[in-house]
Amino acid sequence: FDMNNPRIITSNTETIFGEAEKWTGKWLLKSNRLWNGDKDYTFLWEFHNGKLWFLWNHVGYIQDFIRDWANYEKKEKEIPELFVPSRHRWNFHFYDFEIYMNVNSDNI
């Protein structure tokens, strides 16, 4: 997909987190035909002529996201026969990008 002039606003600060002149995404999803075969997912993200505003509040937001994901309790017992090996690759490419480090949203 190609997006022109996208903006990302976080819900915890209600301020802009990032914007770019162009944002391109390419996904390559390979799946083996064998039962329980490997799955190989590659996500390529390209950001051109963008800006990223990193606030102190975003640190807590990212920490909460990681903490929630790491402490997720599984409700069902794991069944080895249903396990599907998978590999996820996330590639981020930033071209002509600026990063602004701010203490709070009043500095933006």
Side-chain angles (χ1 to χ4, degrees):
F1 66 87
D2 290 326
M3 293 173 46
N4 293 320
N5 300 313
R7 298 181 83 188
I8 299 171
I9 298 174
T10 58
S11 61
N12 70 329
T13 61
E14 295 184 7
T15 58
I16 189 165
F17 179 67
E19 65 182 3
E21 193 174 290
K22 185 175 182 179
W23 178 10
T24 304
K26 297 176 184 174
W27 302 346
L28 179 60
L29 310 174
K30 294 181 183 178
S31 184
N32 196 322
R33 289 186 180 200
L34 298 174
W35 175 81
N36 213 16
D38 290 344
K39 298 194 181 314
D40 189 6
Y41 303 140
T42 302
F43 303 93
L44 173 62
W45 306 93
E46 292 182 358
F47 301 91
H48 298 270
N49 299 330
K51 295 178 183 175
L52 177 69
W53 287 272
F54 193 71
L55 302 175
W56 180 249
N57 293 351
H58 291 138
V59 173
Y61 190 66
I62 294 168
Q63 287 175 336
D64 285 345
F65 179 74
I66 293 170
R67 215 176 283 124
D68 289 347
W69 182 69
N71 295 326
Y72 177 73
E73 293 183 24
K74 295 183 178 178
K75 304 292 182 195
E76 300 174 5
K77 185 178 178 183
E78 292 185 26
I79 302 171
E81 293 84 13
L82 297 179
F83 174 75
V84 177
S86 61
R87 185 173 27 259
H88 296 80
R89 294 184 185 117
W90 296 82
N91 300 312
F92 294 93
H93 297 265
F94 298 93
Y95 302 97
D96 298 321
F97 218 79
E98 298 175 14
I99 298 176
Y100 298 91
M101 306 291 279
N102 297 302
V103 175
N104 58 46
S105 59
D106 294 334
N107 299 117
I108 296 179

J.: According to side-chain hydrogen bond (donor to acceptor under 3.5 Å, both in side chains), who are the partners of Asn49, at least two apart in sequence or on a separate chain?
T.: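 With neighbours one apart ignored, the set is Glu21.
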J.: Got a sec, which residues hit side-chain hydrogen bond (donor to acceptor under 3.5 Å, both in side chains) with Lys39, two or more places apart in sequence or on another chain?
T.: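 Once residues adjacent in sequence are excluded, the partners of Lys39 under the side-chain hydrogen bond (donor to acceptor under 3.5 Å, both in side chains) criterion are Ser31.
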J.: With sequence neighbours excluded, tell me which residues meet side-chain hydrogen bond (donor to acceptor under 3.5 Å, both in side chains) with Asp64.
T.: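 side-chain hydrogen bond (donor to acceptor under 3.5 Å, both in side chains) list for Asp64, sorted by chain: Arg67.
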J.: Can you name the salt bridge (Lys or Arg N to Asp or Glu O under 4.0 Å) partners of Arg33, sequence neighbours left out?
T.: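 Scan of Arg33 (salt bridge (Lys or Arg N to Asp or Glu O under 4.0 Å), adjacent residues dropped) gives none.
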J.: With hydrophobic residues grouped by side-chain heavy-atom distances under 4.5 Å, do Met3 and Phe17 end up in a single group?
T.: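 Looking at the clustering, Phe17 is in the same group as Met3.
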J.: If you measure from CG on Asp38 to NZ on Lys30, what distance do you get to the nearest 0.5 Å?
T.: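 NZ of Lys30 is found 11.5 Å from CG of Asp38.
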J.: Run the side-chain contact (heavy atoms from CB on, under 4.5 Å) test on Trp27 and Tyr41 for me, step by step, so that the C-alpha distance in whole Å, both residues' side-chain angles and the decisive distance to 0.1 Å come before the verdict.
T.: CA-CA 7 Å; Trp27 302 346; Tyr41 303 140; over 6 Å; no
J.: What heavy-atom pair brings Ala20 and Pro6 nearest, and what distance separates the two atoms?
T.: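 Reported closest heavy-atom pair: O-CD, 3.1 Å.
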J.: List the atom pairs, with distances to 0.1 Å, where a side-chain N or O of residues 82-97 and a protein N or O form a donor-acceptor pair under 3.5 Å, not counting sequence neighbours.
T.:
residue, atom, partner, partner atom, Å
Arg89, NH1, Asp40, OD1, 3.1
Arg89, NH1, Asp40, OD2, 3.1

J.: Could you work out, with side-chain hydrogen bond (donor to acceptor under 3.5 Å, both in side chains) as the rule, every residue matching Glu98, not counting sequence neighbours?
T.: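 Glu98 satisfies side-chain hydrogen bond (donor to acceptor under 3.5 Å, both in side chains) with Tyr100 only.
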J.: Could I get the full list of side chain to side chain contact (heavy atoms under 4.5 Å, CB included) partners for Ile66, not counting sequence neighbours?
T.: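 Counting only residues at least two positions away or on another chain, Ile66 forms a side chain to side chain contact (heavy atoms under 4.5 Å, CB included) with Ile62.
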J.: Could you grab the distance from atom CZ of Phe47 to atom OG1 of Thr24, nearest 0.5 Å is fine?
T.: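 One finds 9.0 Å between CZ of Phe47 and OG1 of Thr24.
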J.: Mind checking what makes side chain to side chain contact (heavy atoms under 4.5 Å, CB included) contact with Asp68, not counting sequence neighbours?
T.: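 Residues passing side chain to side chain contact (heavy atoms under 4.5 Å, CB included) with Asp68: none at all.
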J.: Can you list every salt bridge (Lys or Arg N to Asp or Glu O under 4.0 Å) pair that touches residues 44-54, not counting sequence neighbours?
T.: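 Qualifying pairs: none.
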